Amino acid sequence: MSTDINHLYRQDFAIIAGWLGFGSKALDLGCGDGALLSYLQDGLEVKGYGVEKDDTNWLAAMQNDIDVIQMDLEAGLSEFEDNSFDTVILSQTLQAMHNTEAILQEMLRVGHEVIVTFPNFGYWRNRLQIITGNMPVSKDLPYEWYNTPNVHLCTIHDFDALCHQLNITVIERKVVTNGNDVSFMPNWFGNLAMYRLKRSN
């Protein structure tokens, strides 16, 4: 398996693992090279499947022994039946989706629970760069404005409002910065937001 061992120590992976049950069935959307699924399979014996559009990432996931389907998330998840997974994961990919509402609704249809993580555009370092007249560039937002795949950057407050609008229940939320939990003013001081969601009854 060629997955970078540094992935094994990412705090967001550990938090996601804590939200999944042992031996559960998970679908990772935009799975990249399959590092998260490898982590979950090794630690929790999760039955994992990935979805990836990019040719290079899809091949890397295959080489990492991940069951991965090559398809465009923007086309929906019609290949998957209702409630066919315990958890559907969208890790640091939400901001690159054109139709955010549609993908969230599809995830909630396919999975009993949903995990979404994204870089918080409201993080104070991002705000500071905007104040100085530049679009933010950081470890979590590594692209320049002219070559970024991100189309819908949002803040924690924005995502909370969207969940309320779509009648989505937030089971749990974690906000972290550089591996540390952030509880005080998370929309200011957190650079990564992590949500565990389900359909509201």
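Note that the structure is predicted; figures quoted are calculated from it, not measured. All residue numbers refer to positions in the sequence shown, counting from 1.
Listed by chain and residue number, Asn83, Asp86 satisfy the side-chain contact (heavy atoms from CB on, under 4.5 Å) test with His112 (two or more places apart in sequence, or in another chain). Judged as a ring-ring contact (aromatic ring centres under 6.0 Å, His included), and not counting sequence neighbours, the contacts of Phe159 are Phe118, Tyr195. Looking at residues two or more places apart in sequence or on another chain, you find no salt bridge (Lys or Arg N to Asp or Glu O under 4.0 Å) involving Lys25. Every residue two or more places apart in sequence or in another chain was checked for a salt bridge (Lys or Arg N to Asp or Glu O under 4.0 Å) with Asp54, and none qualifies. Among residues two or more places apart in sequence or in another chain, the side-chain hydrogen bond (donor to acceptor under 3.5 Å, both in side chains) test is passed with Ser84 by none. Residues passing the side-chain hydrogen bond (donor to acceptor under 3.5 Å, both in side chains) test with Thr155 are Asp158, sequence neighbours excluded. Remark: Arg173 pairs with Asp160 by the salt bridge (Lys or Arg N to Asp or Glu O under 4.0 Å) rule, at least two apart or across chains. By the side-chain hydrogen bond (donor to acceptor under 3.5 Å, both in side chains) test, Arg196 is found to be paired with Glu113, residues two or more places apart in sequence or in another chain being considered. With sequence neighbours excluded, the residues satisfying salt bridge (Lys or Arg N to Asp or Glu O under 4.0 Å) with Asp12 are Arg10. Among residues two or more places apart in sequence or in another chain, the side-chain hydrogen bond (donor to acceptor under 3.5 Å, both in side chains) test is passed with Ser24 by none.
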| message | For Val51 and Cys31: C-alpha separation, side-chain torsions, deciding distance, then whether side-chain contact (heavy atoms from CB on, under 4.5 Å) applies. | response | CA-CA 6 Å; Val51 172; Cys31 68; over 6 Å; no

| request: Tell me, with the steps shown, if Thr100 and Leu94 meet side-chain contact (heavy atoms from CB on, under 4.5 Å). | output: CA-CA 7 Å; Thr100 305; Leu94 182 73; 3.5 Å; yes

| task | Could you walk me through whether Leu27 and Leu29 pass the side-chain contact (heavy atoms from CB on, under 4.5 Å) test, one step at a time? | result | CA-CA 6 Å; Leu27 178 66; Leu29 304 179; 3.7 Å; yes

| Does the pair Leu166 and Leu104 meet the rule for a side-chain contact (heavy atoms from CB on, under 4.5 Å), with working shown? | CA-CA 9 Å; Leu166 299 180; Leu104 285 174; 4.3 Å; yes

| message | I'd like to know whether Asn191 forms a side-chain hydrogen bond (donor to acceptor under 3.5 Å, both in side chains) with Asn120, so could you lay out the CA-CA distance, the side-chain angles of the two residues, the decisive distance to 0.1 Å, and finally the verdict. | response | CA-CA 5 Å; Asn191 65 3; Asn120 174 32; over 6 Å; no

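A pairwise comparison of heavy atoms in Gly30 and Thr93 identifies O-OG1, 3.9 Å as the closest pair. Closest approach of Gly34 to Ala61, counting heavy atoms only: N-CB, 4.1 Å. When all heavy atoms of Gln11 and Asp181 are compared, the pair lying nearest together is NE2-OD1, 3.5 Å. Nearest approach of Ser91 to Ile16, heavy atoms of both residues: OG-CD1, 4.4 Å. Closest approach of Gly21 and Val46 over heavy atoms only: O-CG2, 4.2 Å. Heavy atoms only, all atoms of each residue included: Ile89 and Met107 are closest at C-CE, 4.0 Å.
Grouping the Ile, Leu, Val, Met, Phe, Trp and Tyr side chains by contacts below 4.5 angstrom, directly or via other members, places Ile171 apart from Val116. Under the 4.5 Å side-chain heavy-atom criterion for grouping Ile, Leu, Val, Met, Phe, Trp and Tyr, Ile131 is not connected to Trp188 through any hydrophobic cluster. Linking Ile, Leu, Val, Met, Phe, Trp and Tyr residues whenever their side-chain heavy atoms come within less than 4.5 Å places Val182 and Val170 in a single cluster.
From Trp124, atom CH2 reaches atom CG of Asn187 across 15.0 Å, with rounding to the nearest 0.5 Å. Going from atom CD of Glu45 over to atom NZ of Lys47 covers 8.0 Å, rounded to the nearest 0.5 Å. Interatomic distance, NE2 of His157 versus CG of Leu162, reported as 14.5 Å (0.5 Å rounding). Distance check: Glu81 CD to Arg109 CZ gives 9.0 Å after rounding to the nearest 0.5 Å. Distance check, rounded to the nearest 0.5 Å: CG of Asp28 to CG of Leu40 gives 7.5 Å.
A donor-acceptor contact under 3.5 angstrom links the side chains of Asn150 and Thr148, judged on distance only.
At least one side-chain heavy atom of Leu20 sits less than 4.5 Å from a side-chain heavy atom of Ile115. Residues Asp82 and Val110 form no side-chain contact, since every pair of their non-hydrogen atoms from C-beta on lies 4.5 Å or further apart. Contact of the Val114 side chain with the Thr87 side chain is not registered, since no non-hydrogen atoms from C-beta on lie closer than 4.5 Å. With contacts defined as side-chain heavy-atom distances shorter than 4.5 Å, the pair Val175/Leu192 does not qualify. Counting heavy atoms from C-beta on, the side chains of Thr117 and Leu90 never come closer than 4.5 Å.
The closest donor-acceptor contact from the side chain of Asn126 to the backbone of Gly122 lies at 3.5 Å or more, if one exists at all. Between the side chain of Gln95 and the backbone N or O of Gln92, at least one donor-acceptor pair lies under 3.5 Å. Formation of a donor-acceptor pair under 3.5 Å by the Asp33 side chain with backbone atoms of Ala60 is not found in this model.
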Would you be so kind as to tabulate the donor-acceptor pairs closer than 3.5 Å made by side chains of residues 66-78, with sequence neighbours excluded?
residue : atom : partner : partner atom : Å
Gln70   : NE2  : Lys53   : O            : 3.1
Gln70   : NE2  : Asp55   : OD1          : 2.5
Asp72   : OD1  : Glu74   : N            : 3.0
Glu74   : OE1  : Asn99   : N            : 3.4
Glu74   : OE2  : His98   : N            : 2.6
Glu74   : OE2  : His98   : ND1          : 3.4

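Phe85 has its ring centre less than 6.0 Å from the ring centre of Phe80.
Hydrophobic cluster membership for Ile130: Phe121, Met135, Leu141, Trp145, Tyr146, Leu153 (Ile, Leu, Val, Met, Phe, Trp, Tyr linked by side-chain heavy atoms under 4.5 Å, directly or transitively).
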